[in-house]
2 protein chains.
Amino acid sequence: MPLPDVVVNRSSPVPLYFQVAEQLERAIFEGKLAPGDRIANEVALAGDLGLSRPTMRQAIQLLVDKGMLVRKRGVGTQVVHPPIKRTVELTSLYDDLKRGGRQAETQVLDQQLVEADEVAASRLKVAEGSSVWKLDRLRTVDGEPLALMRNFVPAAISDLSHVDFTTTGLYEHFRAGGIHLRVAHQTISARRAETAEARLLGGRKGDPVLTMERTSFDDSGRAVEYGTHLYRPDLYAYETTLVDR
Amino acid sequence: MPLPDVVVNRSSPVPLYFQVAEQLERAIFEGKLAPGDRIANEVALAGDLGLSRPTMRQAIQLLVDKGMLVRKRGVGTQVVHPPIKRTVELTSLYDDLKRGGRQAETQVLDQQLVEADEVAASRLKVAEGSSVWKLDRLRTVDGEPLALMRNFVPAAISDLSHVDFTTTGLYEHFRAGGIHLRVAHQTISARRAETAEARLLGGRKGDPVLTMERTSFDDSGRAVEYGTHLYRPDLYAYETTLVDR
DNA sequence: GTCAAGAGTTTGTTAGGACATATGGACGTT
DNA sequence: AACGTCCATATGTCCTAACAAACTCTTGAC
């Protein structure tokens with residue numbers, strides 16, 4: 001019965017369940033816990049670590065939600081995760097790339113205040129014709145065009161007039177302004193690139209592009225951002241982990 | 001302070017937290033709780049329903065994880081969800097369409113035992129050359145070709161020899177056989193259709209197609225199914241809700 | 001030998017209580 | 001008028017405790 005060497009620090013401000021989850025996650029990524037391995041039962045684990053069972057359960061639940069562990073009543077908890085990639089989080093492409101250590105660059109094509117059209121207004125739940133920021137960017141990685149991104153942000157949410165988006169990601173700007181993104185709805189599909197799009201993405205008219213439409217909400221439930229993005233499918237794929245509860 | 005009329009049935013086998021979550025979810029979908037509304041605090045809600053606070057929290061947490069509610073410490077819990085579509089669950093396309101009340105039909109193009117090639121073997125974590133079922137299907141909706149699906153299932157997991165996939169979905173077959181899918185890894189992108197693919201999907205060579213690669217794991221952590229699917233992007237889009245924890 | 005009943009194991013659900021911490025507004029000071 | 005402090009509020013974390021339900025394995029009957 002593999003029982004990883006986890007230790008908790010009670011004087012740390014980091015929640016106990018989170019400390020445990022982090023260490024278990026690391027153990028799985030490092031291969032100390034291999035897929036198929038069963039971990040000790042909750043009661044024993046809690047006892048060994050000097051924690052209560054609910055706290056131990058909370059730690060395990062976090063990893064279950066990430067798709068790294070599965071529980072079965074009467075049986076135990078087993079490792080599933082094939083150590084490929086971390087769960088998709090609510091971050092922007094910019095953050096993703098930056099963490100991956102790749103040379104991401106952004107070109108701002110357009111950045112101005114416009115009147116919201118019907119689609120943007122309905123997605124952002126603002127009145128048609130109201131003031132929204134329009135932001136067109138081209139993202140390149142290692143010199144290669146990767147994504148063409150168009151975003152709308154209600155003027156009431158944030159002022160983008162003096163923000164330099166060649167060095168700052170949109171989500172990064174929100175975080176700095178105290179706006180905490182919590183939920184996003186996404187729709188992913190594909191279509192042919194139009195002439196202007198293809199030129200910017202370094203391809204030809206009619207090339208297939210991956211399309212993503214996204215609306216993000218903050219911790220007050222306000223719609224904060226609506227975007228339509230185009231990706232070059234030969235350079236980008238969208239990865240997710242689904243977990244059944 | 002909107003406080004929905006929720007009632008719990010203690011003699012029901014359905015967990016209390018789930019009963020509460022279901023009714024809150026319905027209230028949101030029916031518009032009784034509008035986006036932006038704040039619900040009563042956990043302690044009051046628990047008291048009114050005769051539940052303990054942990055149970056009430058569990059109910060709310062379920063909806064927070066679904067992206068329908070957001071919590072803010074010191075402030076309260078608010079409704080986010082724009083009542084568009086339910087969360088993406090770990091179901092197959094067949095289930096999705098069936099629930100949508102559309103006329104989904106399946107044509108089995110190929111269904112045989114083959115030796116696992118390198119890719120399938122590595123995804124399914126079986127030895128290269130070992131026995132796997134190969135299943136090629138064409139899904140049509142309302143008479144229109146929608147998806148071309150290729151799936152591999154290890155022979156050790158399930159015997160597909162006598163299964164009629166024109167009437168049974170793959171996931172449905174797993175459930176009937178006592179295999180419970182828990183986690184799936186997906187990669188979504190796009191490319192041009194090849195000649196044979198385009199013909200089956202009712203288009204032309206070079207048409208853009210949405211591609212999805214998926215590996216599913218059951219509640220023992222076993223890889224159960226690996227599939228590569230092609231979708232017609234004019235008829236299908238992949239929708240998700242991301243939630244930041 | 002086969003199958004069913006029962007015991008043991010492990011997660012699932014629920015309760016009740018306590019203290020911590022972030023938020024926002026009220027109030028008072030500068 | 002602007003700023004900072006304090007307090008009420010609501011969620012976040014953690015604990016102890018108990019019983020329920022699902023699964024596995026062993027035991028016993030036929």
Side-chain angles (χ1 to χ4, degrees), chain A residues 1-3 8-22 37-65 69-80 178-180 182 218-222 244-245, chain B residues 1-3 8-22 37-65 69-80 178-180 182 218-222 244-245:
Chain A
M1 182 75 61
L3 197 146
V8 293
N9 174 7
R10 284 201 171 261
S11 61
S12 162
V14 178
L16 299 178
Y17 75 90
F18 196 83
Q19 293 183 36
V20 175
E22 263 187 328
D37 280 358
R38 237 175 60 209
I39 65 175
N41 72 69
E42 298 173 349
V43 182
L45 275 175
D48 289 350
L49 293 174
L51 300 173
S52 69
R53 188 179 160 216
T55 301
M56 194 61 221
R57 263 185 82 74
Q58 203 175 352
I60 293 174
Q61 188 61 49
L62 207 65
L63 298 186
V64 169
D65 288 343
L69 296 176
V70 283
R71 300 208 251 215
K72 240 188 320 186
R73 192 191 298 200
V75 181
T77 304
Q78 287 173 291
V79 179
V80 205
I179 296 174
H180 303 100
R182 280 291 170 81
D218 75 353
D219 53 9
S220 301
R222 297 181 304 178
D244 202 16
R245 297 180 56 97
Chain B
M1 182 74 60
L3 196 146
V8 292
N9 174 7
R10 285 199 172 262
S11 60
S12 161
V14 178
L16 299 177
Y17 75 90
F18 196 82
Q19 292 183 36
V20 175
E22 262 187 329
D37 280 0
R38 238 178 58 208
I39 65 176
N41 71 69
E42 300 172 348
V43 182
L45 275 175
D48 289 351
L49 293 174
L51 300 173
S52 67
R53 189 180 161 213
T55 302
M56 194 62 222
R57 261 185 84 75
Q58 206 175 349
I60 293 174
Q61 188 60 47
L62 206 65
L63 298 186
V64 169
D65 288 343
L69 297 176
V70 282
R71 301 207 249 215
K72 235 186 325 184
R73 192 193 302 203
V75 181
T77 304
Q78 287 173 290
V79 179
V80 207
I179 296 175
H180 302 100
R182 280 291 171 82
D218 76 353
D219 54 8
S220 301
R222 296 183 303 179
D244 202 17
R245 300 180 53 100

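The sequence lines fix the lettering, A, B, ..., with proteins before strands; numbering per chain opens at 1.
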Protein-nucleotide distance (Asp218(A), atom CG; dT23(C), atom P), rounded to Å: 13 Å
CG of Asp219(A) versus P of dG12(D): gap in Å, rounded? 11 Å
Separation of dA15(C) C1' from Leu49(B) CG (nearest whole Å): 15 Å
Using only side-chain N and O atoms of Arg53(A), determine if any of them is under 4.0 Å from OP1 or OP2 of dA17(D). no
Compute the bend angle of the helix from dG1(C)-dC30(D) to dT30(C)-dA1(D) from the end axes (five pairs per end), rounded to 10°. 10°
Separation of dA22(D) atom C1' from Arg71(A) atom CZ, nearest Å, is 14 Å
Asn41(B) CG to dT23(C) P, straight-line distance once rounded to whole Å: 18 Å
Glu42(B) side chain: which of dT11(D), dC15(D), dG12(C) is closest? dT11(D)
Starting at CZ of Arg182(B) and ending at C1' of dG12(C), how long is that distance when rounded to a whole Å? 12 Å
Distance test, side-chain N/O of Tyr17(A) to OP1/OP2 of dC14(D), below 4.0 Å: no
Using heavy-atom distances to pick each residue's nearest nucleotide on DNA chain D, tell me which of Gly74(B) and Pro13(B) is more 5'. Gly74(B)
Determine whether a donor-acceptor pair (N or O, by modelled atom type, separation under 3.5 Å) exists between the side chain of Arg182(B) and the backbone of Leu69(A). no
For residues 15-22 of chain A, which side-chain N or O atoms pair as donor and acceptor with protein atoms under 3.5 Å away, sequence neighbours left out?
| residue | atom | partner | partner atom | Å |
| --- | --- | --- | --- | --- |
| Gln19(A) | OE1 | Asn9(A) | N | 2.8 |
| Gln19(A) | NE2 | Asn9(A) | O | 3.0 |
| Gln19(A) | NE2 | Val14(A) | O | 2.9 |

Which residue lies toward the 5' end of DNA chain D, Val14(A) or Val75(B), if each is placed at its nearest nucleotide? Val75(B)
Taking 4.0 Å as the cut-off, does a side-chain nitrogen or oxygen of Arg57(B) come that near to OP1 or OP2 on dG12(D)? yes
Given dC15(D), is OP1 or OP2 found less than 4.0 Å from the side-chain N or O atoms of Arg10(A)? yes
Could you please name the option among dT23(C), dA22(C), dA21(D) that lies closest to any side-chain atom of Arg73(B)? dA22(C)
Separation of Gln61(B) atom CD from dT13(D) atom C1', in whole Å? 13 Å
Gap between atoms CD and P, on Gln78(B) and dA10(D) respectively (whole Å): 13 Å
Compare side-chain N and O positions of Thr55(A) against OP1 and OP2 of dC15(D) and report whether any pair is under 4.0 Å apart. yes
Between Leu51(B) and Thr77(A), which residue's closest nucleotide on DNA chain C lies nearer the 5′ terminus? Thr77(A)
Rounded to the nearest 0.5 Å, what separation is found between the NZ atom of Lys72(A) and the CG atom of Asp219(B)? 4.0 Å
CA sep, side-chain torsions, deciding dist, call: Arg71(A), Arg57(A), side chain to side chain contact (heavy atoms under 4.5 Å, CB included): CA-CA 11 Å; Arg71(A) 300 208 251 215; Arg57(A) 263 185 82 74; 3.7 Å; yes
Nearest-0.5 Å distance that lies between atom CD in Gln78(B) and atom CG in Asp218(A): 8.5 Å
Apply side chain to side chain contact (heavy atoms under 4.5 Å, CB included) to residues Leu63(B) and Thr77(B) and explain how you reach the verdict. CA-CA 11 Å; Leu63(B) 298 186; Thr77(B) 304; over 6 Å; no
Give, for atom OG of Ser52(B) and atom CD of Glu42(B), the distance between the pair rounded to the nearest 0.5 Å. 11.0 Å
How about Asn41(B) and Arg53(B): do any of their side-chain heavy atoms sit closer than 4.5 Å? no
May I ask you to say what Pro54(B) touches in the nucleic acid, namely base, sugar-phosphate or nothing, with a heavy-atom cut-off under 4.0 Å? base
